[in-house]
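In what follows, a structure is listed as structure tokens, so that the remarks can point back to it.
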2 protein chains.
Amino acid sequence: MYRIGELAQLCEVKADTLRFYEKHGLLSPSSRTDSGYRIYTEADAERLRFILRAKAVGFTLAEITELLSIELDKSNWACADVKGMVDDKLASVEAKIAELNHFQLSLQRLSQACCGGPESAEHCSILEALESNTDSIRCENDKHGFAEHEFTKACTDKQDPI
Amino acid sequence: MYRIGELAQLCEVKADTLRFYEKHGLLSPSSRTDSGYRIYTEADAERLRFILRAKAVGFTLAEITELLSIELDKSNWACADVKGMVDDKLASVEAKIAELNHFQLSLQRLSQACCGGPESAEHCSILEALESNTDSIRCENDKHGFAEHEFTKACTDKQDPI
DNA sequence: ATAAACCTTGGAGTTGTATCCAAGGTCAAG
DNA sequence: CTTGACCTTGGATACAACTCCAAGGTTTAT
Ligand SMILES: [Zn+2]
Ligand SMILES: [Zn+2]
Ligand SMILES: [Zn+2]
Ligand SMILES: [Zn+2]
């Protein structure tokens with residue numbers, strides 16, 4: 001039997017979060033004291049851990065609500081249903097990864113084209129790339145003029161030594 | 001010179017989005033007609049394209065606001081500033097990718113442990129994994145009992161033929 | 001002249017996940 | 001009996017980036 005603050009501390013969430021989960025139908029305390037304090041049982045704690053594990057693999061609270069309703073009525077659901085949810089989630093996670101990979105590649109190319117030095121950004125390749133609609137990015141080796149500093153190491157020998 | 005709907009169509013955004021960008025200081029029309037209609041110049045269109053390109057590599061509107069202020073005053077900024085923004089963004093994108101990769105791996109393991117068949121979810125490995133706090137997931141080959149269907153292909157020969 | 005298609009504004013709603021607040025009630029210790 | 005830690009509620013706020021709405025004004029085509 002835990003009061004809200006105790007369960008929160010036990011599971012490393014905030015009491016507010018537990019109230020939030022209750023308001024949204026994910027987890028209600030099994031009882032209340034006479035004065036209205038929430039009382040959570042060990043089973044409630046288990047349910048909370050279920051929620052947190054599902055969150056840890058990427059499910060949203062809406063999806064977890066669905067998982068919980070299956071969990072409470074397993075015999076009326078099939079493996080296909082459960083696996084379907086996991087596979088749907090997997091697909092959406094993979095789609096997001098693909099998008100982020102695209103961002104990553106673009107950002108890497110931008111980063112590599114820029115000297116990153118104290119020179120004025122007037123000839124910065126990054127800004128130029130954002131100004132124009134070409135895919136190719138020109139390195140700025142020759143743009144700053146050697147006077148400013150002699151060995152800008154952009155582009156030609158750009159390999160981070162890590 | 002474009003009216004809002006024209007520019008929107010040209011750049012494949014909604015007119016609402018342009019008003020939103022204006023409200024948030026990213027893009028204001030250069031003038032208005034006597035009757036109050038927004039009039040965008042070609043320079044405005046270029047600025048919008050800058051915004052959209054920056055979005056396409058993952059920058060948020062807040063970050064784009066910063067980029068735009070650099071863009072309009074390049075000589076007072078250095079390559080280091082611009083590249084710093086790109087590298088910060090790259091780091092945050094990579095962090096998010098790492099998180100999603102973790103989700104992906106967990107979901108793949110869950111998916112592989114489940115037969116995905118019409119059997120009751122009573123012995124579903126996915127649900128069991130969410131119920132308990134172990135990292136290892138038990139395959140459900142032996143749990144459903146062969147009576148229900150003879151060749152559950154979970155776990156042992158689980159390799160999607162793609 | 002009138003209908004269709006466009007434009008204006010301010011403001012509300014969406015999705016997701018909380019977090020914080022104020023005003024007040026409860027409980028244990030000293 | 002007072003202090004401090006805890007609890008209650010409802011509602012407000014936050015982020016991101018839109019998206020939609022209503023009520024009304026303007027332009028263009030027929
Ligand atoms: Zn440079
Ligand atoms: Zn640069
Ligand atoms: Zn199964
Ligand atoms: Zn299963």
Side-chain angles (χ1 to χ4, degrees), chain A residues 1-40 44 48 50-68 88-89 92-93 95-96 99-100 103, chain B residues 1-40 44 48 50-68 88-89 92-93 95-96 99-100 103:
Chain A
M1 304 298 221
Y2 311 100
R3 282 183 308 175
I4 195 167
E6 289 165 348
L7 180 59
Q9 199 168 13
L10 186 65
C11 292
E12 298 175 275
V13 296
K14 303 213 171 168
D16 269 335
T17 301
L18 296 181
R19 292 193 198 95
F20 175 79
Y21 286 172
E22 182 175 354
K23 187 159 45 175
H24 288 73
L26 282 100
L27 176 69
S28 297
S30 290
S31 58
R32 298 269 187 146
T33 65
D34 289 349
S35 56
Y37 284 19
R38 290 169 177 82
I39 296 294
Y40 297 91
D44 296 330
L48 175 56
F50 183 102
I51 292 168
L52 297 177
R53 278 179 215 115
K55 258 176 66 73
V57 301
F59 285 109
T60 65
L61 297 186
E63 289 158 349
I64 293 170
T65 299
E66 209 176 332
L67 281 173
L68 283 167
D88 286 354
K89 190 73 207 174
S92 83
V93 164
K96 200 162 275 179
E99 187 191 13
L100 290 176
F103 288 167
Chain B
M1 304 297 224
Y2 311 100
R3 281 185 309 177
I4 195 168
E6 289 166 347
L7 180 58
Q9 199 169 12
L10 187 65
C11 292
E12 298 177 277
V13 296
K14 302 211 173 171
D16 268 334
T17 301
L18 296 181
R19 291 191 200 97
F20 176 80
Y21 287 172
E22 182 175 353
K23 188 159 44 175
H24 288 74
L26 282 100
L27 176 69
S28 296
S30 291
S31 57
R32 298 267 187 148
T33 65
D34 290 348
S35 57
Y37 284 20
R38 291 167 176 83
I39 296 295
Y40 296 91
D44 296 331
L48 175 57
F50 183 101
I51 293 167
L52 297 177
R53 278 178 215 117
K55 257 176 67 72
V57 301
F59 284 108
T60 65
L61 297 187
E63 290 157 350
I64 294 171
T65 299
E66 210 176 332
L67 281 173
L68 284 167
D88 286 354
K89 191 72 206 175
S92 84
V93 164
K96 200 161 274 179
E99 187 191 12
L100 290 176
F103 288 167

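Chain identifiers are assigned alphabetically (A, B, ...) following the order of the sequence lines, protein sequences preceding nucleic acid strands; residue numbering begins at 1 within each chain.
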Legend entry - Residues, nucleotides or ligands: over 12 heavy atoms within 6.0 Å of Glu22(A) CD: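 More than 12 within 6.0 Å, yes.
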Legend entry - More than 12 heavy atoms from other groups under 6.0 Å of CD on Glu6(A):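 For Glu6(A), atom CD is crowded (more than 12 foreign heavy atoms under 6.0 Å).
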Shorter than 3.5 Å, N or O on both sides, protein versus nucleotides 16-23 of chain D: list them out with atom names.
| unit_1 | atom_1 | unit_2 | atom_2 | d |
| --- | --- | --- | --- | --- |
| dA17(D) | OP2 | Leu61(B) | N | 3.0 |
| dC18(D) | OP2 | Tyr21(B) | OH | 2.8 |
| dC18(D) | OP2 | Lys55(B) | NZ | 3.4 |
| dC20(D) | OP2 | Lys14(B) | NZ | 3.4 |

Inset, instruction - Report the residues that fulfil side-chain hydrogen bond (donor to acceptor under 3.5 Å, both in side chains) with Asp16(A), sequence neighbours left out, ordered by chain and then residue number. - result: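 For Asp16(A) the side-chain hydrogen bond (donor to acceptor under 3.5 Å, both in side chains) partners, ignoring immediate neighbours, are Arg19(A).
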Legend entry - Tyr21(B): partners by side-chain hydrogen bond (donor to acceptor under 3.5 Å, both in side chains), with sequence neighbours left out: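 Partners of Tyr21(B) under the side-chain hydrogen bond (donor to acceptor under 3.5 Å, both in side chains) test: none.
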Inset, instruction - Look at Ser35(B) and dT27(D) and indicate whether a side-chain polar atom (N or O) is within less than 4.0 Å of OP1 or OP2. - result: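 Yes, within the criterion.
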Check nucleotides 1-6 of chain C against the protein and report each pair of N or O atoms closer than 3.5 Å, with its distance, or say if there are none.
| unit_1 | atom_1 | unit_2 | atom_2 | d |
| --- | --- | --- | --- | --- |
| dC6(C) | O2 | Tyr37(B) | OH | 3.4 |

Legend entry - Verdict with reasoning, Thr60(A) to Ile64(A), per side chain to side chain contact (heavy atoms under 4.5 Å, CB included): CA-CA 6 Å; Thr60(A) 65; Ile64(A) 293 170; over 6 Å; no
Inset, instruction - Please figure out whether Asp34(B) or Arg32(A) has its closest DNA chain D nucleotide nearer the 5' end. - result: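 Closer to the 5' end of DNA chain D: Arg32(A).
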Quick one: are [X] and [Y] in side-chain contact, heavy atoms under 4.5 Å?
X        : Y        : value
Ser31(A) : Ile39(A) : yes
Tyr2(A)  : Leu10(A) : yes
Arg38(A) : Arg32(A) : yes

Separation of [X] atom [atom1] from [N] atom [atom2], in whole Å?
X        : N       : atom1 : atom2 : answer
Ile39(A) : dC27(C) : CD1   : P     : 11 Å
Leu18(B) : dT8(C)  : CG    : C1'   : 15 Å
Glu22(B) : dT9(C)  : CD    : C1'   : 12 Å
Arg38(A) : dC27(C) : CZ    : P     : 15 Å
Leu7(B)  : dC7(C)  : CG    : P     : 11 Å

Inset, instruction - Considering non-hydrogen atoms only, spot the tightest contact between Arg3(A) and Tyr37(A) and give its length. - result: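 Between these two residues, the closest heavy atoms are CD-CD2, 4.0 Å.
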Inset, instruction - If a pair satisfies salt bridge (Lys or Arg N to Asp or Glu O under 4.0 Å) and one of its residues is in residues 52-68 of chain B, list it, with sequence neighbours excluded. - result: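 Listed once each, the pairs are Glu63(B)-Lys89(B).
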Inset, instruction - Please round to the nearest 0.5 Å and tell me the distance separating atom SG of Cys11(B) and atom CG of Leu18(B). - result: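 So the SG of Cys11(B) and the CG of Leu18(B) are separated by 7.5 Å.
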Dump the pairs, protein N or O against N or O of nucleotides 1-3 of chain D, anything under 3.5 Å, distances to one decimal.
none

